[in-house]
Trainee: 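Here you go, one structure.
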Amino acid sequence: MSRDPYRIDDHKMIYHPDRVARVLAVQGGWERARTVYPIYVEIAPVGACNHRCVFCAVDYIGYQSARLDVELLATRIPEMGRLGVKSIMYAGEGEPLLHKEMARIVAMTKAAGIDVAITTNATVMPPDFIDHALQHLSCLKVSINAGTAETYAALHQTKPGDFDKAIANMTAMVRHKRDHHLTCTLGAQILLLEENYHEIEMLAKRCRDDIGLDYLVVKPYSQHLFSKTQRYKQLDYQKFIGYGDSLSHLNTKDFFLVFRDHTMQKFTDENRYQRCYATPFLWAFIMANGTVSGCSAFLLDQRFEYGNINENSFQEIWEGEGRRRGFEFVMKELDISECRVNCRMDEINRYLHHIETQSVPHMNFI
């Protein structure tokens, strides 16, 4: 039985051979790159957040009160679907469920033919969210970084009572999913830190036995380039590499503990690609103020900003001068030694690099 049936510690580009072929065919040519649209887009519905996690990657943005207008999204989201976007994750630099119209946004996204996911701390829940959004979601993941209320409060920098709110809201979603025979995958994730590693088994059992989630992901911290917090910059994950094996007994046919040891091992892997293949092609990030960026590791960096959906259509932005400049920068100037280690697109970059630069003997004998 696979401990990672969702390929969370891997990548899924093997299921998109047409887009892989188009990216590899670009060969530095803007006209070939211009209409290669992203498969996946992350959108921040709001910039505000009700927590101040000690490990927050985007603390430097400042938790601004910006909010995307639902009527604007009602125009932009269907356009993105027509252009080839296949999935949208609502997460970003704030807590997405602070947007009171999140259920409507989820429904309109699915109606546009786009798969929908949410990452949330699950401590706030719009009144109609479970009844009207869950049926349209492919998956929802809760960030819950401890097994006790005390450790949770310390790491999330919030009240201990928020731990119980998150548990209660997850339990309510699982109950609704089962009662209505929905297919939405419901999971959680914990960032592995010195302060909480001893609570992982406790949290996993609660997720599995009390709440009824489908999985719990255990992931490593990755230092963001611009984060104010440097608290975990030197955290060494090599001592945790085998820790996942001691937790494997928690897996059942209905619950998976996905311990991201493959990602942890890559922190010491010096055999890396030399350029970014994924940007600005396979994904995009839309901030709560409407800014379209090519990479979430470079938010507020104008070299990766292509335009704003409050001012232009997504097609105008994606095929426009801002993205062309971003494309030229990534192709000719970007030094990936300055990039975030184990970034969101790391595994995809490794895959595309392997296809483009490496071969095996007798490769045509398939």
Side-chain angles (χ1 to χ4, degrees), residues 1-12 51 53-57 89 91 117-123 139-156 162-163 166-167 170 173-174 185-224 229 231-269 340-347:
M1 181 186 349
S2 171
R3 292 191 300 182
D4 187 10
Y6 309 107
R7 298 181 72 94
I8 294 171
D9 203 25
D10 201 343
H11 71 90
K12 301 169 188 172
H51 288 180
C53 299
V54 296
F55 48 78
C56 180
M89 166 81 80
I118 290 178
T119 296
T120 172
N121 62 40
T123 59
C139 52
L140 181 145
K141 180 171 57 183
V142 175
S143 178
I144 180 167
N145 295 283
T148 65
E150 292 73 23
T151 305
Y152 178 91
L155 292 176
H156 284 247
D162 274 3
F163 181 77
I167 298 293
M170 287 189 286
M173 286 189 283
V174 170
T185 300
L186 298 175
Q189 71 176 21
I190 179 172
L191 193 65
L192 176 59
L193 305 170
E194 294 280 7
E195 297 96 320
N196 66 9
Y197 78 93
H198 59 287
E199 296 183 2
I200 291 174
E201 182 163 355
M202 183 190 313
L203 177 63
K205 288 179 178 177
R206 191 148 196 188
C207 290
R208 183 191 67 186
D209 303 333
D210 300 339
I211 304 171
L213 294 181
D214 297 305
Y215 68 82
L216 172 67
V217 174
V218 182
K219 61 180 287 189
Y221 174 82
S222 172
Q223 180 65 47
H224 194 285
T229 179
R231 181 170 172 174
Y232 301 105
K233 186 175 183 179
Q234 303 301 325
L235 184 56
D236 182 8
Y237 279 99
Q238 298 314 298
K239 60 185 175 183
F240 291 114
I241 295 297
Y243 190 50
D245 293 334
S246 69
L247 300 171
S248 61
H249 67 279
L250 296 165
N251 289 292
T252 70
K253 65 180 181 64
D254 300 313
F255 176 83
F256 300 92
L257 189 141
V258 181
F259 191 88
R260 298 192 62 178
D261 49 0
H262 174 59
T263 299
M264 295 176 195
Q265 289 168 349
K266 289 191 295 181
F267 278 114
T268 58
D269 183 6
R340 186 180 188 179
V341 177
N342 276 336
C343 74
R344 182 72 62 85
M345 293 290 118
D346 178 73
E347 199 65 24

Trainee: So, using side chain to side chain donor-acceptor pair (under 3.5 Å) as the criterion, who are the partners of Thr123 when residues are at least two apart?
Mentor: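 Only Asn50, Asn121 meet the side chain to side chain donor-acceptor pair (under 3.5 Å) criterion with Thr123.
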
Trainee: Measure the CZ-CZ distance between Phe163 and Arg206 for me, rounded to the nearest 0.5 Å.
Mentor: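 Going from the CZ atom of Phe163 to the CZ atom of Arg206 covers 5.0 Å.
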
Trainee: Ignoring hydrogens and geometry beyond distance, is a side-chain donor-acceptor pair present between Asp162 and His156 at under 3.5 Å?
Mentor: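 His156 and Asp162 do not have a side-chain donor-acceptor pair below 3.5 Å.
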
Trainee: Could you list the residues that satisfy side chain to side chain donor-acceptor pair (under 3.5 Å) with Tyr221, not counting sequence neighbours?
Mentor: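 In terms of side chain to side chain donor-acceptor pair (under 3.5 Å), with neighbours along the sequence ignored, Tyr221 is linked to Gln223.
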
Trainee: Does the side chain of Asp10 reach to within under 4.5 Å of the side chain of His262, using non-hydrogen atoms?
Mentor: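 Counting from C-beta outward, Asp10 and His262 never come under 4.5 Å.
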
Trainee: Keeping to residues at least two apart or across chains, list the salt bridge (charged side-chain N to carboxylate O under 4.0 Å, His left out) pairs with something in residues 255-265.
Mentor: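 Applying salt bridge (charged side-chain N to carboxylate O under 4.0 Å, His left out) to every pair that reaches into residues 255-265, excluding sequence neighbours, yields Asp9-Arg260.
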
Trainee: Output all residues satisfying side chain to side chain contact (heavy atoms under 4.5 Å, CB included) with Ala57, sequence neighbours left out; order by chain, then residue number.
Mentor: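 Counting only residues at least two positions away or on another chain, Ala57 forms a side chain to side chain contact (heavy atoms under 4.5 Å, CB included) with His224, Ser227, Arg340.
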
Trainee: Just to verify, what does Gln234 make a side chain to side chain contact (heavy atoms under 4.5 Å, CB included) with, not counting sequence neighbours?
Mentor: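 None.
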
Trainee: For Lys12, give me all partners under salt bridge (Lys or Arg N to Asp or Glu O under 4.0 Å), at least two apart in sequence or on another chain.
Mentor: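 With sequence neighbours excluded, Lys12 shows a salt bridge (Lys or Arg N to Asp or Glu O under 4.0 Å) to no residue whatsoever.
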
Trainee: Under the criterion side chain to side chain contact (heavy atoms under 4.5 Å, CB included), I'd like the reasoning laid out for Met170 against Leu186: C-alpha separation, chi angles, the key distance, then a yes or no.
Mentor: CA-CA 8 Å; Met170 287 189 286; Leu186 298 175; over 6 Å; no

Trainee: Of all residues at least two apart in sequence or in a different chain, which pass the salt bridge (Lys or Arg N to Asp or Glu O under 4.0 Å) check with Glu347?
Mentor: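 Salt bridge (Lys or Arg N to Asp or Glu O under 4.0 Å) check on Glu347 returns Lys266.
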
Trainee: Suppose we screen for side chain to side chain contact (heavy atoms under 4.5 Å, CB included). Which residues come up paired with Val341, at least two apart in sequence or across chains?
Mentor: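 Testing Val341 for side chain to side chain contact (heavy atoms under 4.5 Å, CB included), a comparison that skips the adjacent residues, returns Phe267.
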
Trainee: Could you work out, with salt bridge (Lys or Arg N to Asp or Glu O under 4.0 Å) as the rule, every residue matching Lys219, not counting sequence neighbours?
Mentor: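 Result, salt bridge (Lys or Arg N to Asp or Glu O under 4.0 Å) vs Lys219: none returned.
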
Trainee: Restricting to non-hydrogen atoms, name the atom on Ile144 and the atom on Ala188 that form the minimum distance, rounded to 0.1 Å.
Mentor: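 Heavy atoms only, the tightest pair is CG2-CB, 3.9 Å.
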
Trainee: Restricting to pairs with a member in residues 208-217, which pass side-chain hydrogen bond (donor to acceptor under 3.5 Å, both in side chains), not counting sequence neighbours?
Mentor: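 Listed by first then second residue: Lys177-Asp214.
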
Trainee: Please enumerate all residues that pass salt bridge (Lys or Arg N to Asp or Glu O under 4.0 Å) together with Arg344, with sequence neighbours excluded.
Mentor: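 Applying salt bridge (Lys or Arg N to Asp or Glu O under 4.0 Å) to Arg344 gives Glu42.
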
Trainee: Between Lys239 and Glu194 (salt bridge meaning N to carboxylate O under 4.0 Å), is one present in this structure?
Mentor: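 A salt bridge is present here (some side-chain N lies under 4.0 Å from a carboxylate O).
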
Trainee: Start with the C-alpha distance between Val174 and Leu213, add both sets of side-chain angles, then the distance that settles side chain to side chain contact (heavy atoms under 4.5 Å, CB included), and finish with yes or no.
Mentor: CA-CA 7 Å; Val174 170; Leu213 294 181; 3.8 Å; yes

Trainee: Could you please spell out the steps behind the side chain to side chain contact (heavy atoms under 4.5 Å, CB included) verdict for Leu250 and Glu201?
Mentor: CA-CA 8 Å; Leu250 296 165; Glu201 182 163 355; 4.0 Å; yes

Trainee: Tell me whether Tyr197 contacts the main-chain N or O of Phe240 through its side chain, where contact means a donor paired with an acceptor under 3.5 Å.
Mentor: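 Judged by distance alone, no pair lies under 3.5 Å.
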
Trainee: Going from CG on Leu247 to CZ on Phe259, what distance comes out if it is rounded to the nearest 0.5 angstrom?
Mentor: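 If we round to the nearest 0.5 Å, Leu247:CG and Phe259:CZ are 6.5 Å apart.
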
Trainee: Might you point out which heavy atoms bring Pro220 and Thr263 nearest each other, and give the distance in Å?
Mentor: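 So the minimum-distance heavy-atom pair works out to CG-CG2, 3.7 Å.
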
Trainee: How far does OH of Tyr152 sit from SG of Cys53, to the nearest 0.5 angstrom?
Mentor: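 Tyr152 atom OH to Cys53 atom SG measures 7.5 Å (nearest 0.5 Å).
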
Trainee: List the atom of Leu155, the atom of Asn145, and the distance in Å for their closest heavy-atom pair.
Mentor: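 What the structure gives for the nearest pair is CD1-O, 3.3 Å.
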
Trainee: Quick one: NE2 on His198 to OG1 on Thr151, what's the gap to the nearest 0.5 Å?
Mentor: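 Taking NE2 in His198 and OG1 in Thr151, the distance rounds to 5.0 Å.
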
Trainee: Which value, rounded to the nearest 0.5 Å, describes the distance between Leu203 atom CG and Leu257 atom CG?
Mentor: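 The distance works out to 9.0 Å.
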
Trainee: First locate atom CG of Leu192, then atom CD1 of Ile200, and finally report the distance between them rounded to the nearest 0.5 Å.
Mentor: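 One finds 4.5 Å between CG of Leu192 and CD1 of Ile200.
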
Trainee: Can you list everything that forms a side chain to side chain contact (heavy atoms under 4.5 Å, CB included) with Glu150? Sequence neighbours excluded, please.
Mentor: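 Partners of Glu150 under the side chain to side chain contact (heavy atoms under 4.5 Å, CB included) test: Thr148.
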
Trainee: Would you name the heavy atoms of Cys207 and Phe255 that are closest together and state the gap between them?
Mentor: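 Looking at all heavy atoms of both residues, the closest pair is CB-CE1, 4.0 Å.
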
Trainee: Looking at Val218 and Met264, what are the two nearest heavy atoms and their distance?
Mentor: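 Shortest heavy-atom separation between Val218 and Met264 comes out as O-CE, 4.2 Å.
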
Trainee: Considering all heavy atoms of both residues, which atom of Arg3 and which atom of Gly244 are nearest to each other, and what is their separation?
Mentor: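 In this case the closest contact between Arg3 and Gly244 is NH1-O, 3.5 Å.
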
